[in-house]
Amino acid sequence: MKKRLATTILVASSIALGMPAASAQELLPPGEGTRAPPKGIDRLEEMWRFELGYRGNFVTDGGYNPFATQDYFAQSSLVASRTIFARGRFSFAPGIAWDYGKTTATARGDATSLEMHRIAVPLEGRLHFRGWGYAFVRAAPGIAIENAEVDDVTAPCAQPASQEPCAAPLTKSRWLFATDVSAGYAYPVWSRKEVSDVVPRIWLQADGGYGWVVGQRLNLAADLAAGDARLASGIDLGALTMRGAFFRASAAVSF
Amino acid sequence: MTPRTVLASLALTCAIGACGGRSPYWDTTSAGGATSFGLANGVALVDDADHRVVMLTALANQQLSTRALPIGHNVISQATTTSSDGSFLFVLSAGDSPRRTANDEYPSLTVIDASTFAPKSPTKYTMSVPLPNLAIDPLGHWAVAYSGPGAPASFVQNANELVIFDLTTPGSKPILHTIRSQGGTPQRLTFTPALNLPKVPGQGRLLIVETDIDVTLLELANPSADVTLSLTSGTGAQQVTPAGVVVDGGYDPSNPANVAPARIALRAQNDSNVFTFTLGPSDTNDFTPIINVIDVGGTPTDIAFVRADNDVLRVAALVPSLSSAVLVDSDTGSTTQVALPAPYSKLSLVTSVVGGTGTDVAMLWSGTASGVALWTLGNSVDQPYHSIEVLPIAQQIQTVDDVTKQAQLKVLETTDASNVGSFLVLDLLKRTASPLQTMGTATLSIAPDGLRMWAFAQGGTNLAKLDFATLNPVPLTTDEMIDAVYDVARPSTGAGGDGGRSLIAIHNQGTVGATVFDALDPDTATARIVPALLLEGP
C-alpha cells in the first residue's frame, strides 16, 4: 500500500514538475489585479476535489505498543469534497474521507497486527489566495473500525481434529467514534489560465493536526468457527486509544 | 533561544512525535515457556524474562485470574521451589552480573507468601554472591543457599559457604557461614526436627550438611559452633561418601518426660558401615556427637530409625546384597540380620496405618526386585522369620507416592521395560493392590485433598482422573501438549469463588496456556482453554 501511494505521489509530482515552460507560464501570476476577471465560476475556489495522500499518526498511547515497535501509525488517505459555499476569499467544502492503515509487530514472541479503517466527513473551511491556492482548516468527525489480532500457539485450535498447528487467532473488531482537526495549505501545481474552464487541475497539499479515536479495552477472544461450543477465555492487552498528532501529504485533482 | 523555549520545543516535539516508546516488556520472549509450581491456592508461573511470577487462581466456571508479583533477575531454576505445604514459593536469583548501574540487582532470594488466595507482596533477601542451590526448612523457619555440586556460579566461589536466611524475620540480612572443611564440599542439606539437645531439650534445630567426604552438624541458632565429622578411617585412604541421613529427635512432644538423647544415623554410598551420632552433653557447645560405626555386612541402600522389640530404638538398614535387613543398636553396636524374601532397597514407615503401639511397621520395595513386603518390627529380633508379610504384587516398584489425608493408600509407580506404563493403588489396611495400566508412560499427580489422582502423558494431550474411592478412570483430553497438571482449590468467597476445586493443565509453549477442568466433575465439554497467560497489558 505504501509503495503504491508513493508511486502515485511520485507520478503526480513528476507531472507537475515536468511541465513544459510554456505550460508553466500559463500558471496564474501572483498578486492582485494581474488576472482578468473571471467570466464564470472560479474553479480554483468552487470545485470538486479528489485527494490521495499519506497520513502519519504519532500514537503514544501504551495500548498501541503490542502492535508496533514505534509510536507511529502510517495510513493512506482518500478524500472527495465539493465546494458548496463561497463568498469572497472564503469557501466551505464538505466531503467524505477514508483512511486505512495496518501495523504488524511481535509481542513477547507472538505475531500481532492492528488494522484501522476510518470513515469521516471532512468539513473544510478555505481561505483562498487566488493563483497561490488556499489555506484550510478541517474538522472530520466519523467512525473507525479497529481490528486487533494476536497469534498465540496456546489459543484453541481452529479445527479441533487437526494434527497440525492450528491455533485460532485472538481477535477483536469494534466500530468507534473518531474525529480529526487539522490545518494546512493546498497549492495548485498544474492549472489553467482560464479559471472557469472545467479541466483537471492538480494540487499538492499538506496538513497537520490531531486525530482521536474513542478508546477501547483490548480484550481479545479466540476466533472460533460458528457453532464451536468450546469454552475459551481471551486475553486482555489493556486499553487502546488511537490518538495523537498527525500529518498528511496529498496530491489532489480538482474540476 | 532561551532554555524555556528549548524546553517548550522539546515538550511539543514529544507531544507530536514518538517520545515514550515501546515498553521493553513486549520485546521479552519466554522462548522456553515458564516453569510452573503448584501451590496450595493456585499455580505460580515463573516468568524470568519479565522478572515476575504470575500467580494463577482458579475460579468458578473454569475461569482463571492472574496476578503478577516481582522477583529477582536471572532466576536459578533448579533452586526455585515451594514449601512442603504449598504456602510459600522460594525463588533464588543470580541478579545482574556484572553490575553496571546502581539499578542492577544483587543476587537475592524472593519469598512469596501464597497461603491465601491474595498473595502478599514478596519478601526479598539480598545476597552478595550467587549460589545455585537452595534448601528449605520443612518447618518454615530457615532457608539455606549453598554451592553444592556443579560448576561455580561466580569467578571465585567458596564451596563451603552457606547463606542462612531467617524466614521468620522478613527482609533480614542473611547469615554467612563457612563450614569447617576437611576438603569436602556440601552436597546435600537436611534440616532436623526439634531435637532433645542437652542444653535446649526439645528445642534444638540442626542443619546436617553432607559433603562428599564428611558430615557437618550446624546448630541453626548458633551457626559458628558447627562440628565436622570425618567418615574416613585414619588407617585407610578410601574416602567415604555420605548417601543419606535419618534423625531421631529423642523427644516425644506428647510425653515430655520420655526423653532420650537425639540421634543421627548416616549411610554411605561406598561403605558397609552405618554411622550413628548420639548428641550428648558438652562443656562448650550445646552438644557433643558420640560417633559409633557399625558394619552391616554390605552397602545399605536405605536406613530409618525404628521402634523394634519392647519399644527399643534401632536403626534399620536394608542391605540388598545380602537380601536382608539389619537392625542396629546404636548404643551397643549389636546387629540383628533379618532375611528378606527379596533384595528390597527402599523402606518407608507405615506404623500409623498398620502398626501397633510401641512398635513400627515398615513397607519394603525395590526398583530391581519384584514385590512389596510389610515388615513388622515388634518381633524382628526374637522371631525374624515371622516378621515379614509379602503382598501379592509382581511388579518392580520405582516410586511410592503418599496420598495426603489417606495414609492407608500408597500409589506404586512401577518400572516396566515394555514401555507400557502401569501403577498400582495399594490399600495397606485391606491389603489390596489395584493395578491400572496406561498406554504410555504416565506422570502422576495426587490431589492435595487426597481424594483423587491425575495421570497424564507429559508432552501429550491425554489426561485421566482417577477417584480413589471408586478407582474409576475418567478419560480427558486437551488441545495442546500438557507439561504439568495441578489440582487446586477455588476460593469460597468473593467474585468467582464457590469453594470447589479445579484441575489446571499447563501448556508450556509460547506465552503459556492452560486448560482448566472442574476437578470434581471433569468433562472435556466444559473445560476452558485459557491462552497466553504471560501476555497481557502491563
Side-chain angles (χ1 to χ4, degrees), chain A residues 56-73 105-110 112 150-160 162-163 165-170 208-210 217-222 224 229-240 244-247, chain B residues 12-34 47 49-50 59 61-66 461 477-481 483 505-518 523-538:
Chain A
N57 250 71
F58 300 99
V59 184
T60 55
D61 188 84
Y64 184 62
N65 287 343
F67 305 101
T69 55
Q70 296 179 323
D71 293 345
Y72 184 74
F73 186 51
T106 58
R108 307 213 71 190
D110 284 354
T112 64
V150 173
D151 295 321
D152 187 272
V153 294
T154 60
C157 181
Q159 302 99 30
S162 172
Q163 297 298 312
C166 54
L170 301 162
Y210 195 84
R217 195 82 196 167
L218 285 177
N219 42 358
L220 279 59
L224 299 177
R230 285 177 297 167
L231 296 177
S233 294
I235 59 171
D236 186 352
L237 292 180
L240 169 64
F246 75 90
F247 70 90
Chain B
L12 183 63
T13 306
C14 284
I16 294 174
C19 289
R22 171 165 144 131
S23 165
Y25 164 78
W26 301 108
D27 294 320
T28 60
T29 56
S30 49
D47 183 5
D50 198 41
L59 302 174
N61 196 25
Q62 287 71 263
Q63 300 271 9
L64 287 181
S65 72
T66 61
T461 58
T477 188
T478 61
D479 281 9
E480 300 295 330
M481 291 186 295
D483 180 64
I506 298 292
H507 312 305
N508 197 11
Q509 308 167 72
T511 52
V512 184
T515 303
V516 186
F517 298 86
D518 186 319
D523 188 344
T524 305
T526 59
R528 179 180 292 277
I529 301 164
V530 187
L533 289 163
L534 300 184
L535 182 68
E536 77 280 348

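Proteins come first, then strands; the chains are lettered A, B, ... in the order of their sequence lines, and each starts at number 1. Quick note: numbers below take in every heavy atom, side chains included, and nothing from hydrogens, waters or symmetry partners.
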Enquirer: Between R22(B) and A105(A), which heavy-atom pair has the shortest distance, and what is it?
Expert: NH1-CB, 4.0 Å
Enquirer: Looking at R528(B) and L231(A), would you say the former's side chain and the latter's main chain have a donor-acceptor pair under 3.5 Å?
Expert: no
Enquirer: Side chain, backbone, both or neither: which part of L64(B) has an atom under 4.5 Å from a heavy atom of chain A?
Expert: neither
Enquirer: Could you list the residues that satisfy side chain to side chain donor-acceptor pair (under 3.5 Å) with Q62(B), not counting sequence neighbours?
Expert: none
Enquirer: Heavy-atom cut-off 4.5 Å, strictly under: side chain, backbone, both or neither for A527(B) against chain A?
Expert: backbone
Enquirer: T524(B), V530(B), T511(B): which one forms the most heavy-atom pairs within less than 4.5 Å of chain A?
Expert: T511(B)
Enquirer: If we define contacts as heavy-atom pairs under 4.5 Å, which of G56(A), A68(A), G62(A), G63(A) has the most with chain B?
Expert: A68(A)
Enquirer: Measure the OG1-CD1 distance between T66(B) and I235(A) for me, rounded to the nearest 0.5 Å.
Expert: 11.5 Å
Enquirer: Which atoms of Q509(B) are under 4.5 Å from chain A, going by heavy atoms: the side chain, the backbone, both sets, or neither?
Expert: both
Enquirer: For a quick test of reading the model, state the closest non-hydrogen atom pair linking T29(B) to G109(A) and the distance between them.
Expert: CG2-N, 3.6 Å
Enquirer: Do L170(A) and P531(B) come within less than 4.5 Å of each other through their side chains, counting heavy atoms only?
Expert: yes
Enquirer: Go through the atoms of V512(B) and report whether side chain, backbone, both or neither lie under 4.5 Å from a heavy atom of chain A.
Expert: backbone
Enquirer: Count the heavy-atom pairs under 4.5 Å between each of D152(A), T112(A), V150(A) and chain B, then report the option with the highest count.
Expert: D152(A)
Enquirer: For T28(B), which residues count as a side chain to side chain donor-acceptor pair (under 3.5 Å) partner, sequence neighbours excluded?
Expert: R108(A)
Enquirer: What heavy-atom pair brings G513(B) and T154(A) nearest, and what distance separates the two atoms?
Expert: N-CG2, 3.3 Å
Enquirer: Does any part of the side chain of L535(B), heavy atoms only, come nearer than 4.5 Å to the side chain of L237(A), both counted from C-beta?
Expert: yes
Enquirer: What part of D47(B) is in contact with chain A, defined as an atom under 4.5 angstrom from a non-hydrogen atom: side chain, backbone, both or neither?
Expert: side chain
Enquirer: Indicate the atoms forming the closest heavy-atom contact of C157(A) with D479(B), along with that distance.
Expert: N-OD2, 3.5 Å
Enquirer: Where on D236(A) is there a heavy atom nearer than 4.5 Å to chain B: the side chain, the backbone, both, or neither?
Expert: backbone
Enquirer: Out of G238(A), G208(A), A107(A), return the one with the most heavy atom pairs under 4.5 angstrom to chain B.
Expert: A107(A)
